[in-house]
Amino acid sequence: MTGCQPGEEIPPEGQASQQVPTNEGSPSGAPQSTVNSTETDPASIPSMWEAGPHAQTYVLNDLGMNSTCARCHAPINYVPSMDDMPESCAACKFEVEPPPPTVAEIDWEHIPCNTCHRVKKGVVDPKYAWLSVPPIDEYEDLAITTDLCLKCHGQIDMAGHEMPDLANVHAGYTCTQCHDAHATTATCASEICHANVLNPTTPIPGHDEDHQAVTCWACHDAAGLAVGTDDQGNWVTLLPDFSTPYASHNIVKQASCDRCHFLNNPWNLSEDVLR
């Protein structure tokens with residue numbers, strides 16, 4: 001499976017062309033343009049998608065099954081129950097057979113273009129829409145990109161699947177005001193956000209060489225998440241299991257040094273810091 005190919009018919013594996021959508025309105029104080037800029041070259045979208053997590057979503061649960069996981073990890077593979085189908089489908093009085101418990105990786109569709117966009121004759125509609133019922137190609141129109149993202153990234157009663165807590169200084173932002181819509185990457189040091197934080201004209205405590213491996217959210221988190229290092233040695237916030245890195249979305253400007261530099265901290269960090 002590959003990403004969208006501008007100006008081409010859809011090959012058998014589901015490629016498609018795509019124009020870049022315009023962004024929705026920004027809340028007060030939010031950047032008017034985003035990493036998902038309308039200036040993005042459509043020809044770059046396939047490689048951006050392939051480099052992102054939506055191109056590789058295959059999963060298995062502890063029992064080696066994934067048919068339920070497919071609801072978010074590969075919506076096209078997901079077989080809904082009759083309860084999930086539109087009411088109009090009940091008029092035909094047909095039944096949906098239960099899916100096999102496991103979808104093989106070779107058959108796994110990941111998150112291709114037509115999950116979030118209507119595709120007609122090989123061209124992707126730049127407007128986003130949710131493929132709500134894949135078996136009948138039914139879509140749901142949505143007001144903002146966040147509504148689309150939360151179709152999969154909402155709260156799920158499963159460890160590691162917490163819903164992003166977008167609060168405080170970023171409250172009201174849409175997902176694509178920080179995240180690229182296809183690569184899903186985000187950076188606080190964007191030219192349109194906090195361009196001077198890494199090389200400030202006026203020194204900022206904590207924005208120095210000693211903290212190069214500290215992520216922004218490790219200090220500026222307001223959700224009370226635990227702090228620790230990931231497998232690459234970067235300081236991050238962690239989920240309640242104290243082992244899974246998770247980028248806090250609940251951010252404040254002021255940061256307290258004693259979040260890490262406290263008495264008898266487990267990392268042997270200095271307790272003598274400016275506050």
Side-chain angles (χ1 to χ4, degrees), residues 20-42 44-45 47-55 144-146 149 153 162-239 244-261 267 269 273-275:
V20 181
T22 57
N23 296 319
E24 60 271 296
S26 302
S28 177
Q32 297 300 308
S33 58
T34 73
V35 288
N36 182 31
S37 170
T38 55
E39 297 177 359
T40 300
D41 180 4
S44 69
I45 290 177
S47 59
M48 294 170 69
W49 175 82
E50 289 197 23
H54 289 163
I144 58 174
T145 52
T146 298
C149 299
H153 295 278
E162 285 73 10
M163 178 178 175
D165 180 18
L166 197 64
N168 286 300
V169 297
H170 292 150
Y173 278 42
T174 61
C175 299
T176 53
Q177 283 177 271
C178 292
H179 294 270
D180 178 85
H182 300 97
T184 76
T185 51
T187 173
C188 301
S190 164
E191 292 180 2
I192 57 176
C193 293
H194 307 286
N196 69 332
V197 295
L198 299 181
N199 295 290
T201 54
T202 301
I204 303 174
H207 291 218
D208 51 39
E209 292 185 2
D210 291 337
H211 293 82
Q212 286 185 349
V214 181
T215 61
C216 302
W217 51 91
C219 291
H220 294 276
D221 163 59
L225 297 176
V227 178
T229 55
D230 61 16
D231 56 7
Q232 297 179 339
N234 296 312
W235 287 80
V236 296
T237 46
L238 304 171
L239 289 176
T244 305
Y246 174 75
S248 172
H249 288 61
N250 186 344
I251 301 297
V252 292
K253 182 177 180 180
Q254 297 300 321
S256 176
C257 300
D258 57 13
R259 183 186 189 110
C260 296
H261 297 272
W267 312 287
L269 300 175
V273 296
L274 293 174
R275 291 176 171 79

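Residue Ala186 comes nearest to Cys178 through the heavy atom pair CB-O, 3.1 Å, listed as atom of the first residue, atom of the second, then distance. Smallest separation of non-hydrogen atoms from Asp165 and Tyr246: N-OH, 4.1 Å. In plain terms, the two heavy atoms of Gly233 and Ala213 that are nearest each other are O-CB, 3.9 Å. Taking each heavy atom of Cys175 and Thr146 in turn, the nearest pair found is N-OG1, 3.0 Å. Minimum heavy-atom separation, Ala218 to Trp235: CB-O, 3.6 Å. Scanning both residues, Asn168 and Ala222, for their nearest heavy atoms gives ND2-CB, 3.6 Å.
A ring-ring contact (aromatic ring centres under 6.0 Å, His included) check over residues 198-234, counting only residues at least two apart or in different chains, returns nothing.
Contact of the Asp221 side chain with the Arg259 side chain is registered, since non-hydrogen atoms from C-beta on lie closer than 4.5 Å.
When the side-chain hydrogen bond (donor to acceptor under 3.5 Å, both in side chains) test is applied to Asp230, no partner is found at least two apart in sequence or on another chain. Residues passing the ring pair (Phe, Tyr, Trp, His ring centres under 6.0 Å) test with His54: none are found, sequence neighbours excluded.
Between His249 and His179, the two ring planes are parallel [angle under 30°; tilted spans 30° to 60°].
Interatomic distance, CG of Asn234 versus CD of Gln212, reported as 11.0 Å (0.5 Å rounding). Atom CG of Asp180 sits about 9.0 Å away from atom OG1 of Thr176, to the nearest 0.5 Å. Note that SG of Cys188 is 7.0 Å distant from CD1 of Ile251, once rounded to the nearest 0.5 Å. Going from atom CG of Leu238 over to atom OG1 of Thr229 covers 8.0 Å, rounded to the nearest 0.5 Å.
Ser248 and Thr237 share no side-chain donor-acceptor pair at under 3.5 Å.
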